[in-house]
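Each chain gets a letter, A, B and so on, in the order its sequence line appears, and its residues count up from 1. Note that the coordinates shown come from a computational prediction; the quantities given were computed from them, not determined experimentally.
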2 protein chains.
Amino acid sequence: MSQEETVGELEQSVGYLLKRAAAALRAAMDAALRPLELTVPQYACLELLSQRPGLSNAELARGAFVTRQSMNGVLRGLQDRGLVTRPETAPHGRARPSELTPGGRQQLHAASAAVRTVEQQMLASLSSTQRGRLLHDLAACADALTPTAATRD
Amino acid sequence: MSQEETVGELEQSVGYLLKRAAAALRAAMDAALRPLELTVPQYACLELLSQRPGLSNAELARGAFVTRQSMNGVLRGLQDRGLVTRPETAPHGRARPSELTPGGRQQLHAASAAVRTVEQQMLASLSSTQRGRLLHDLAACADALTPTAATRD
DNA sequence: CAGTGTGTGTCAGGATATTGACATGAGTCA
DNA sequence: TGACTCATGTCAATATCCTGACACACACTG
């Protein structure tokens, strides 16, 4: 095993740190969700539906940062397990609004607790002020890169 | 039912913001690297080899947050394009240390400039002080979740 | 009313990543 | 020496993702 004698300049890059933190969070969430038989996208889908019931497949996909095709598979898996319901026929347009079942809400409750534990572990060494700043700065970073043209020159 | 049952408002969750920022950065980097015919893992590999020459496939994989198999494919692609070199026989053990070719160094130079532009766009609205804090806090988050059980500083 | 544009769901193809597994080389220790 | 452990490279199979494409439903506009 080689030791990190050279503190690479990579550790000074926000992009690299962002990737590292996201990878670590993803791995930790995956491990925390595994006992519940849930993947991270599945959990994200449940959380999204809990806070905003009636979202369509495409809206869920955007919210979970995956493609519509992937979210379709996720949604089908959750539907087969009876955690979400989708009407067979679209009430308006082509979008079929999904909703949580009582079982889905219960599953989400357990999953949310596990994820919250992971998040608290991640933020353990940060004060409340630091967390707020981190929240604000991350949002600024994300907004600055979103192609929604929030700011024009 | 209290409102503490879930992680909370998605936009108020550090985990969600982290994912959002990482996804936006990944997309922006992908777009910036496309004209150079480089994928993000390929760029990460070049950057790693530039700062720490002689890394093995497994070490590169850990540094780029992918599996050894994925990095093997990445490395093979870079090798076919003459950007990196790998000895046919391992000088010690099974690890074959990779190194950048002059062409690879030149390609990295262009790619690094493109990525730096993206990073600066991402951090445009943050002051130097804020960037330093973000760097520090992200490192703290990543360290808090790294499975290295040993308590490191 | 017909034409256009946007958003949605779905299919097919290919590229990519991951999981699981195995064999090899090196170091450790009885 | 021989057995054990660890790390590495590689293979096979699976799962996931993305790009491109198409058909459908609604809103807008002439």
Side-chain angles (χ1 to χ4, degrees), chain A residues 1-3 19 22-24 26-31 33-34 37-45 48 52 54-80 84-98 147-149, chain B residues 19 22-24 26-31 33-34 37-45 48 54-81 84-98 147-150:
Chain A
M1 296 295 290
S2 60
Q3 291 178 343
K19 194 172 180 180
R26 169 71 184 234
M29 282 181 64
D30 207 56
L33 256 22
R34 190 163 308 151
E37 306 266 354
L38 281 177
T39 65
V40 172
Q42 284 173 336
Y43 161 72
C45 183
L48 245 4
R52 305 196 56 183
L55 284 183
S56 70
N57 179 26
E59 291 172 316
L60 286 170
R62 281 192 293 268
F65 310 105
V66 296
T67 60
R68 289 173 299 190
Q69 294 88 335
S70 301
M71 182 51 72
N72 196 8
V74 168
L75 219 39
R76 195 165 310 185
L78 292 175
Q79 201 172 358
D80 289 346
V84 305
T85 56
R86 253 198 309 184
E88 281 301 324
T89 61
H92 181 68
R94 293 202 89 190
R96 286 185 294 164
S98 304
T148 52
Chain B
K19 194 172 180 181
R26 168 71 184 237
M29 282 180 64
D30 207 54
L33 256 22
R34 191 163 308 157
E37 306 265 355
L38 282 177
T39 65
V40 173
Q42 283 174 336
Y43 160 73
C45 183
L48 245 6
L55 284 184
S56 70
N57 179 27
E59 290 171 317
L60 285 170
R62 281 193 292 270
F65 311 106
V66 296
T67 59
R68 300 190 300 258
Q69 294 85 334
S70 301
M71 181 52 73
N72 194 10
V74 169
L75 219 39
R76 195 166 309 185
L78 293 175
Q79 201 172 0
D80 290 345
R81 288 164 61 182
V84 304
T85 55
R86 251 197 311 184
E88 280 301 324
T89 61
H92 180 68
R94 293 201 88 192
R96 288 186 294 165
S98 304
T148 53

Whole angstrom value for the distance that separates C1' of C/dT18 from CZ of B/Phe65
17 Å
Measure from CD on A/Glu59 to C1' on C/dT8 and round the result to the nearest Å.
10 Å
Heavy-atom pair of closest approach, residues B/Leu60 and B/Leu48
CD2-CB, 3.7 Å
Nearest to the side chain of A/Ala95, which nucleotide is it out of C/dA26, D/dG9, C/dT8?
C/dT8
For A/Arg86 against A/Ser98, the heavy-atom pair lying closest together
CG-OG, 3.0 Å
Taking 4.0 Å as the cut-off, does a side-chain nitrogen or oxygen of A/Thr67 come that near to OP1 or OP2 on D/dC17?
no
Only distances under 3.5 Å count here; give the side-chain donor-acceptor pairs of residues 88-96 of chain B to other protein atoms, sequence neighbours excluded, each with its distance to 0.1 Å.
residue, atom, partner, partner atom, Å
B/Arg96, NH1, B/Pro87, O, 3.4

Counting C-beta onward and ignoring hydrogens, is there a side-chain heavy-atom pair between B/Arg81 and B/Glu37 closer than 4.5 Å?
yes
Between B/Cys45 and B/Met71, is any pair of side-chain heavy atoms under 4.5 Å apart?
yes
Using whole Å, report how far CE of A/Met71 lies from C1' of C/dG9.
14 Å
By nearest heavy atom, map B/Ser56 and A/Val74 onto DNA chain D; which one lands nearer the 5' end?
B/Ser56
At what distance, to the nearest 0.5 angstrom, does CG of A/Leu38 lie from CG of A/Leu78?
7.0 Å
What do the steps show when you test A/Asp80 against A/Arg76 for salt bridge (charged side-chain N to carboxylate O under 4.0 Å, His left out), and what is the final call?
CA-CA 6 Å; A/Asp80 289 346; A/Arg76 195 165 310 185; over 6 Å; no
Between atom CG in B/Asp30 and atom P in C/dA17, what is the gap in whole Å?
11 Å
Would you indicate which nucleotide in D/dG9, C/dT18, C/dG9 comes nearest to any side-chain atom of B/Ser70?
C/dT18
With a 4.5 Å limit on heavy-atom distance, are the side chains of A/Lys19 and B/Met29 in contact?
no
What protein N or O atoms touch nucleotides 10-13 of chain D N or O atoms at under 3.5 angstrom, if any, and at what distances?
residue, atom, partner, partner atom, Å
D/dT10, OP1, B/Arg96, NH2, 2.7
D/dT10, OP2, B/Asn72, ND2, 3.4
D/dT10, O4, B/Gln69, NE2, 3.3
D/dC11, N4, B/Gln69, NE2, 3.2

note: B/Leu38, atom CG; C/dA15, atom C1'; distance rounded to Å ~ 17 Å
Under 3.5 Å, which protein N or O atoms sit close to an N or O of nucleotides 3-5 of chain C? Give each pair with its distance.
none

What pair of heavy atoms forms the shortest contact from A/Leu33 to A/Thr39, and how long is it?
CD2-O, 4.1 Å
From CZ of A/Arg26 over to C1' of D/dT16, roughly how many Å is that when rounded to an integer?
10 Å
For B/His92 and C/dG27, is the shortest distance between a side-chain N/O and OP1 or OP2 below 4.0 Å?
yes
Side-chain contact check for B/Arg62: nearest option of C/dA17, D/dT8, C/dG9 is D/dT8
